[in-house]
Amino acid sequence: MIVLAALASYAYRSAAHDRDVEAEAKAEEWQSYERARTLETTGSVQGAYRLYDDLCQDGSFVHNNLPRREQPCIKATELADEISVSYEATMAALERYRAIHGVYPDDLSPVKDDIPLSATRAFAGMKLHTISDGGIGVETGMYSAETFRLEK
């Protein structure tokens with residue numbers, strides 16, 4: 001009888017612990033979602049994209065009270081599209097700059113005014129890197145330090 005009582009007590013504590021761990025995980029996911037929303041509204045498109053994408057890939061974040069358009073996978077897709085449009089606009093602006101000046105700029109500031117207004121939020125999170133052989137790389141910010149290379 002004592003063994004059964006001990007087992008029942010252990011099972012109860014274990015179930016309570018599991019509920020606590022699950023509640024803590026859901027709270028952390030909700031905090032990540034709120035951080036992503038804040039980053040998006042303050043113009044940090046790439047940071048918001050990475051957080052939404054992480055929540056989407058994890059698959060455990062489900063909030064039935066959110067409209068479909070606000071779900072992490074939808075938000076991640078929209079921001080990825082915005083970053084891609086900005087990347088294409090940046091590449092075109094860099095090529096125009098090179099056609100005029102014969103070289104690529106040292107940073108993205110000289111081409112900023114050539115970026116369409118619709119692409120400026122994501123453009124602000126991009127970085128230009130000079131590669132040792134004279135080529136350049138553009139970091140989109142979607143995947144940490146992934147770069148896309150242009151030859152000199």
Side-chain angles (χ1 to χ4, degrees), residues 1-95 104-132 135-150:
M1 188 63 119
I2 294 175
V3 171
L4 288 176
L7 286 174
S9 175
Y10 172 76
Y12 177 78
R13 285 192 316 269
S14 179
H17 179 269
D18 290 348
R19 283 190 302 274
D20 290 346
V21 168
E22 185 177 322
E24 186 176 309
K26 289 203 179 294
E28 288 176 9
E29 288 173 342
W30 186 252
Q31 287 174 344
S32 289
Y33 179 81
E34 288 297 324
R35 247 189 339 268
R37 287 174 51 125
T38 300
L39 288 172
E40 183 180 6
T41 58
T42 59
S44 182
V45 176
Q46 287 84 348
Y49 164 78
R50 288 190 301 270
L51 285 172
Y52 285 133
D53 190 55
D54 286 347
L55 288 167
C56 178
Q57 297 302 322
D58 181 33
S60 65
F61 182 85
V62 177
H63 199 286
N64 295 331
N65 293 334
L66 288 175
R68 177 168 160 49
R69 185 165 166 36
E70 297 299 318
Q71 295 292 335
C73 293
I74 301 297
K75 297 301 286 179
T77 300
E78 289 174 355
L79 293 178
D81 290 346
E82 183 177 340
I83 293 167
S84 294
V85 166
S86 184
Y87 168 75
E88 294 299 327
T90 302
M91 293 292 107
L94 287 167
E95 288 303 327
Y104 291 112
D106 293 330
D107 59 48
L108 291 174
S109 60
V111 299
K112 183 178 181 182
D113 292 339
D114 291 340
I115 303 301
L117 187 59
S118 61
T120 56
R121 276 191 346 153
F123 175 80
M126 294 187 182
K127 294 184 177 77
L128 183 71
H129 299 281
T130 303
I131 300 172
S132 60
I136 60 171
V138 175
E139 181 182 323
T140 65
M142 285 180 72
Y143 306 106
S144 301
E146 186 170 333
T147 59
F148 297 89
R149 181 186 165 91
L150 295 173

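Starting from 1, each residue takes its place in the sequence as its number.
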Indicate the atoms forming the closest heavy-atom contact of Glu70 with Tyr33, along with that distance.
O-OH, 2.7 Å
On a heavy-atom basis, which atom in Tyr49 and which in Ala80 lie closest, and how many Å separate them?
CE1-CB, 3.7 Å
With sequence neighbours excluded, residues passing side chain to side chain contact (heavy atoms under 4.5 Å, CB included) with Asp54:
none
Val111 and Pro105 have their tightest heavy-atom pair at CG1-CG, 4.4 Å
Which residues satisfy the side-chain hydrogen bond (donor to acceptor under 3.5 Å, both in side chains) test with Ser109, sequence neighbours excluded?
Asp107
Ser32: side-chain hydrogen bond (donor to acceptor under 3.5 Å, both in side chains) partners, not counting sequence neighbours:
Arg35
Straight-line distance of Ile136 CD1 to Leu128 CG, nearest 0.5 Å:
4.5 Å
Any residue meeting side-chain hydrogen bond (donor to acceptor under 3.5 Å, both in side chains) with Asp114, in chain and number order, not counting sequence neighbours:
none
Residue list, side-chain hydrogen bond (donor to acceptor under 3.5 Å, both in side chains) with Gln31, at least two apart or on another chain:
none
Roughly how far apart are Glu139 CD and Gln46 CD, rounded to 0.5 Å?
9.0 Å
Nearest-0.5 Å distance, CD of residue Gln71 to CG of residue Leu55
10.5 Å
Shortest non-hydrogen contact from Ala48 to Ala36?
CB-O, 3.4 Å
Quick test of your reading: applying ring pair (Phe, Tyr, Trp, His ring centres under 6.0 Å), list the pairs with at least one residue in residues 105-128, sequence neighbours left out, ordered by first then second residue.
none
May I have all residue pairs that pass side-chain hydrogen bond (donor to acceptor under 3.5 Å, both in side chains) and include part of residues 73-84, sequence neighbours excluded?
Glu40-Lys75, Arg69-Glu78, Glu82-Arg121
So how far is it from Thr90 OG1 to Lys112 NZ, rounded to the nearest 0.5 Å?
12.0 Å
Applying side chain to side chain contact (heavy atoms under 4.5 Å, CB included), can you list everything that pairs with Glu34, at least two apart in sequence or on another chain?
Trp30, Arg37
